[in-house]
Amino acid sequence: MADRPQPSFVQSLIAGGAAGTSVDLLFFPIDTVKTRLQSPQGFVKAGGFRGIYKGVGSVVVGSSPGAAVFFATYDTLKRNLPVHGPLNHMIAASFGEVAACLVRVPTEVIKTRTQTSSYGAAGKSSWGAAKLVFANHGWGGLLPRIPFTSIQFPLYELFKVQLAKKLGHKTLPAYEAAACGSVAGGIAAALTTPLDVLKTRVMLDTRNGAHGPSPSLVNRFRTIYVTEGWKALFAGVVPRTLWISAGGAVFLGMYEFTMNNLLLQS
């Protein structure tokens, strides 16, 4: 597959922002259902199917900048790292995810707690939850999201190359790249569901330092396994896999469409 013109830093920012906003707004209700399935309160007490757009305000604020920062970092490192192939994509995606988390994680904590009403009446809105998050936890809640991205993006790049060779294309159009993103995202989502459950539990933990230190990730993982069984570690795996498979198609398809048709040809 022939290389397309290399995007600039600003082009990566714009295309990433468009991709992040599109996928998060489109699939927000599915994410709400998945989050409530993983909540220790239980699906019904966490809200069931009521108010499935609760917390959408934080997504509007955080999705576009987070995705923009990710792709700007990913594309820049992919061009400049001294290694090539899957290792290049893995390293670039990992650093991109870390950079994006500085923007995304605070808004995701707010979104998760608003979706499940973890803050009660004081946190019914994104703004109300935001004030409580920063009052109690500051910039905490940053969990390792690297495993998912480290699986998804090497697979995505591999699938794009293999599909282009099979179809005899020099460059994949956006809809074919979207199919590669869908498959790669679904595989990564299914494999990393236990980590997503762990992340959700941490984000729903509303205790503060006055009640003692929060348990470590290992202890949280062990507690879930011992008290709720291994099935709890895969709670929400079906909606998560379906959501990220479809979301991967929209996210990466929109990125490729914006980049190929609106930016690199302008």
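Each residue takes its place number in the sequence, starting with 1. The figures that follow rest on heavy atoms only: side chains count, while hydrogens, waters and symmetry mates do not.
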- Message: Using side-chain contact (heavy atoms from CB on, under 4.5 Å), reason through Val98 and Phe95 one step at a time and then give a plain yes or no.
- Response: CA-CA 5 Å; Val98 171; Phe95 277 94; 5.6 Å; no

- For the pair Leu77 and Ile91, evaluate side-chain contact (heavy atoms from CB on, under 4.5 Å) and give the outcome as yes or no after the intermediate values. CA-CA 8 Å; Leu77 289 178; Ile91 295 172; 5.6 Å; no

- Do Val218 and Ile224 share a hydrophobic cluster (ILVMFWY, side-chain heavy atoms under 4.5 Å, transitive)? no

- Message: Under a 3.5 Å cutoff, is there a donor and acceptor pairing between the side chains of Ser150 and Ser94?
- Response: yes

- Item | Spacing of CG belonging to Asn260 relative to CG belonging to Leu172, to within rounding of 0.5 Å | 9.5 Å

- Message: Could you check whether any side-chain heavy atom of Leu163 comes within less than 4.5 Å of a side-chain heavy atom of Cys180, counting everything from C-beta outward?
- Response: yes

- Do the non-hydrogen side-chain atoms of Ser12 and Phe70 ever get within less than 4.5 Å of each other? no

- Message: For Tyr53, give me all partners under ring pair (Phe, Tyr, Trp, His ring centres under 6.0 Å), at least two apart in sequence or on another chain.
- Response: Phe28

- Any side-chain heavy-atom pair from Ser245 and Val183 closer than 4.5 angstrom? no

- Message: Hydrophobic clustering (ILVMFWY, side-chain heavy atoms < 4.5 Å, transitive) - are Phe257 and Leu13 grouped together?
- Response: no

- Message: Minimum heavy-atom separation for Pro194 and Phe234, please, with both atom names.
- Response: CG-CZ, 3.6 Å

- Pair Gln152-Leu252, side-chain contact (heavy atoms from CB on, under 4.5 Å): steps then yes or no: CA-CA 11 Å; Gln152 181 190 27; Leu252 293 167; 4.3 Å; yes

- Intermediate values then yes/no, side-chain contact (heavy atoms from CB on, under 4.5 Å), Asp75 and Tyr255: CA-CA 12 Å; Asp75 286 337; Tyr255 174 81; 2.3 Å; yes

- Tell me, do Leu242 and Ile30 make a side-chain contact under 4.5 Å, heavy atoms counted? no

- Item | Atom pair OG1 (Thr76) and CD (Gln6), whose distance is rounded to the nearest 0.5 Å | 10.0 Å

- Quick one: closest heavy-atom pair of Pro154 and His89, and the distance? CA-CB, 4.1 Å

- Message: Could you tell me if the side chain of Lys78 sits less than 4.5 Å from the side chain of Leu81, heavy atoms only?
- Response: no

- What are the two closest non-hydrogen atoms of Ala189 and Thr241, and how far apart are they? CB-CA, 4.0 Å

- Item | Ile187 CD1 to Ile244 CD1 distance, which is reported to the nearest 0.5 Å | 12.5 Å

- Query: Under 4.5 Å between side-chain heavy atoms, hopping through other hydrophobics if needed: is there a path connecting Val161 to Leu158?
  - Reply: no

- Separation between CG (Asp196) and CG (Leu191), nearest 0.5 Å, reads 13.0 Å

- Item | Over all atoms of both residues, closest heavy-atom pair of Ser8 and Gln11 | N-OE1, 2.8 Å

- Item | Any side-chain heavy-atom pair of Lys160 and Lys165 under 4.5 Å | no

- Message: Holding to ring pair (Phe, Tyr, Trp, His ring centres under 6.0 Å), I want the full list of residues that pass it with Phe251, two or more places apart in sequence or in another chain.
- Response: Phe71

- Message: Please check: side-chain N/O of Thr32 versus main-chain N/O of Ile52, any donor-acceptor pairing under 3.5 Å?
- Response: yes

- Item | Residue pair Ala67 / Gly16: nearest heavy atoms and the distance that separates them | CB-O, 3.0 Å

- Close side-chain approach of Thr193 to Leu233, heavy-atom, < 4.5 Å: no

- Would the Phe43 and Phe49 ring centres measure less than 6.0 Å apart? yes

- Tyr225: ring pair (Phe, Tyr, Trp, His ring centres under 6.0 Å) partners, not counting sequence neighbours: none

- In terms of hydrophobic clusters joined by side-chain contacts under 4.5 Å, are Leu167 and Tyr175 together? no

- Query: Should Pro147 and Glu97 count as side-chain neighbours, where that means a heavy-atom distance under 4.5 Å?
  - Reply: no

- Does Tyr156 belong to the same Ile/Leu/Val/Met/Phe/Trp/Tyr cluster as Trp243, with side-chain heavy atoms less than 4.5 Å apart forming each link? yes

- Message: Between Glu176 and Lys166, does any side-chain N to carboxylate O distance fall below 4.0 Å?
- Response: no

- Query: Does Arg240 make a cation-pi contact with Phe148, if we ask for NZ or CZ under 6.0 Å from the ring centre and within 45° of the axis?
  - Reply: yes

- Message: Looking at Thr192 and Leu195, would you say the former's side chain and the latter's main chain have a donor-acceptor pair under 3.5 Å?
- Response: no

- Gap separating the CD atom of Glu256 from the OG1 atom of Thr171, nearest 0.5 angstrom: 9.5 Å

